[in-house]
2 protein chains.
Amino acid sequence: MKFHKLLRLEGVSVEKDKGEHVFMQSDSDKSLYFVQSGLLKAYYTTEDGKEYIKSFLLPNDIIGSLSSSYLEECSSFSLLCLEPTTLVKMPFRRLYEYTKGDLELANNMIDLILHLAIKKEKREYEFLCLSAEERFCMLVKTSPSLLEKVTQNDLARYLGITPVGLSRIKKRTHTRPINAKQTAL
Amino acid sequence: MKFHKLLRLEGVSVEKDKGEHVFMQSDSDKSLYFVQSGLLKAYYTTEDGKEYIKSFLLPNDIIGSLSSSYLEECSSFSLLCLEPTTLVKMPFRRLYEYTKGDLELANNMIDLILHLAIKKEKREYEFLCLSAEERFCMLVKTSPSLLEKVTQNDLARYLGITPVGLSRIKKRTHTRPINAKQTAL
DNA sequence: CATAGATTTTAACCACGGTTAATGATTCCT
DNA sequence: AGGAATCATTAACCGTGGTTAAAATCTATG
C-alpha cells in the first residue's frame, strides 16, 4: 500500500488488551483507525442479540466508521480485540480538514477508500455467487494464517453461517475431494 | 448528491437502446459512468454460465469498473440496458489526471467513492444478516418502483436466489402476515 | 386472431444449512 | 489436579431455497 502521507499524519496511539473494545459509535470517536499490531473483529449485533462479523483486522488494515443511518438503525457495530492490539486513531473531522487543504493527502485518501471499496466488492461477490462451502474454501486458500488465530465461532459468523454449519462443512471438505462437482467420468 | 464539479466535467455522452451492452472491460473503456436516464443492470457471469446481478442503475446513479484482478479471474462483468439509456462517460485516466491537480475535484471524488462504499456496506450487511425473504421485503419497502420495471428473473438474481425461489417467497409473504415472528399472543 | 416466445407459477424432490441438545476437547483458574 | 467455562463436534429434526420439469400467463409479431 502507498498512503504515505496519510500514515505520516500523527494520530493518537491506542493500546488495547485482548477482550477490550474500541468504541466507534459516539461522534467524538468517529475516526479512521490504522492497525499497527494485533487482531480485531468488526461485527454487528442485531436486536435479537445475534452477532455477525463484518471483517477481521490484521496489521496494516484500516477501518473507519462509515456513517450510514440505515445501518445504524437496524444494528449496532463494534470492534473487539482478539489479541493485544495497537491502533493509530485519526478523527474524521481532523482528517477532513487536512484533505480539504492538501492535494496529495486528498489523493492518498482516494486511493485508500478505493481500496476499501474493492474489498467490499469482493465480499459482495462472494455472498452473491458462492455457497457457504465455497466461501470457506476460498478463505482457506487466501488466508490460511487467519484460521489458526480465530475461533470456529467467529469464523462461521464471518462466513455468514453458524458454527455448527461450519463444522459440518469442514468434515465434508476433508472427506470429499474438493471440486467433486467435476467428477464426470 | 453534491459532486458538483465532477458533474460539470465534460464527458462523452453515450446513447444505448434496450438490450444493448455498455462495454467496460477493455482498458480504453475503464471509465466512470453517470446515468442520466434509463435503467441498466450490472451483472457477473460465471464460468458455468450463471448470471448474478450486482446492482440496478437508475438515473443519477454512478458506476465504474473497479479493477480487481481477483474478480476478473473468477467472473466477467457486464452492463446491460433494460431500457433506452443515456450515460456520460468519463475515462478514469482523464479523471485521475484531473484529481491529481484539482483539490476541489479530489474532494468531490472522495465524497463520491465514500458514497459508493456505503452502498456496498449496506449490501454486505443484507447478505450477512438477512434471509432471502427479508432481503426481498426490504427491497419492496425501499424501492417499490424498481419491482415494476424489472423481471422476476433479474430481481431474483439480484437478491441472490433463483426465480423459482422468489416466486415462492412472494406467495408466502402475501399469504402470511409480514413479521409473523413477533406474533406472541 | 393465432402462434411462438418469453416470463411466471406450481409441484415434487433434494441438498444445504439452522436449531437444539448432548457429548468431547481445551483452556483457564485458585 | 479438580472444576468451570469456553469451544468444537456430532446427531436428529426441520425450514429455506435449488433443481427440474410441466402448466399457466403474458407479449409479441405476422
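The model shown is predicted, which means the values in this text are computed figures rather than measured ones. Proteins come first, then strands; the chains are lettered A, B, ... in the order of their sequence lines, and each starts at number 1. We use all heavy atoms of the structure for the numbers below, so side chains are in, but hydrogens, waters and symmetry mates are not.
Distance B:K18 NZ to D:dT27 P: 11 Å, rounded to the nearest Å. A:K149 has its NZ atom 17 Å from the P atom of C:dT27, to the nearest Å. With rounding to whole Å, B:E134 atom CD is found 12 Å from D:dT16 atom C1'. The distance from atom CZ of B:F127 to atom P of D:dG17 is 13 Å, rounded to the nearest whole Å. Atom C1' of nucleotide D:dA5 and atom CG of A:N153 are separated by 14 Å, given to the nearest angstrom. Here the C1' atom of nucleotide C:dG18 and the CD atom of A:E51 are 17 Å apart, to the nearest Å. Atom pair B:K171:NZ and D:dG17:P shows a separation of 15 Å (rounding to whole Å applied). One interatomic measurement links the two molecules: CZ of B:F136 to P of D:dG17, which rounds to 12 Å at whole-angstrom precision.
Of the candidate nucleotides C:dG17, C:dT8, C:dT19, C:dG17 has the atom lying nearest to any side-chain atom of A:S131. Of the candidate nucleotides C:dG17, C:dA11, D:dG17, D:dG17 has the atom lying nearest to any side-chain atom of B:A132.
Separating the CZ atom in B:R135 from the CD atom in B:E133 is a distance of 11.0 Å, to the nearest 0.5 Å.
Apart from A:L103 itself, the hydrophobic cluster it occupies contains B:L103, where clustering links Ile, Leu, Val, Met, Phe, Trp and Tyr at side-chain heavy-atom distances under 4.5 Å. Think of B:L116 as one node in a network of Ile, Leu, Val, Met, Phe, Trp and Tyr side chains linked at under 4.5 Å; it has no links at all. Grouping Ile, Leu, Val, Met, Phe, Trp and Tyr by side-chain contacts under 4.5 Å, direct or through others, leaves A:V164 on its own.
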Side-chain donor-acceptor pairs under 3.5 Å in residues 147-154 of chain B, sequence neighbours left out?
unit_1: B:T151; atom_1: OG1; unit_2: B:D154; atom_2: N; d: 3.1
unit_1: B:Q152; atom_1: OE1; unit_2: B:K170; atom_2: NZ; d: 3.0
unit_1: B:D154; atom_1: OD1; unit_2: B:K41; atom_2: NZ; d: 3.0

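Qualifying side-chain contact (heavy atoms from CB on, under 4.5 Å) partners for A:C81, counting only residues two or more places apart in sequence or in other chains: A:K16, A:V22, A:L40, A:T85. With sequence neighbours excluded, the residues that form a side-chain contact (heavy atoms from CB on, under 4.5 Å) with A:S143 are A:L139, A:L146. Every residue two or more places apart in sequence or in another chain that forms a side-chain contact (heavy atoms from CB on, under 4.5 Å) with B:L105 is listed here: B:K5, B:L6, B:L9, B:Y98, B:T99, B:D102.
An OP1 or OP2 oxygen of C:dG17 is reached within less than 4.0 angstrom by no side-chain nitrogen or oxygen of A:K170.
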For B:F77 and B:Y43, run ring pair (Phe, Tyr, Trp, His ring centres under 6.0 Å): C-alpha distance rounded to whole Å, both residues' side-chain angles, the deciding distance at 0.1 Å, then the answer. CA-CA 6 Å; B:F77 173 66; B:Y43 64 101; 7.7 Å; no

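Residues from residues 154-169 of chain A with heavy atoms under 4.0 angstrom of DNA chain D, sorted by number: A:V164, A:S167, A:R168.
Listed by first residue number, the stems of DNA chain C with at least three Watson-Crick or G-U pairs below 3.5 Å are C:1-22 with D:9-30, C:24-28 with D:3-7.
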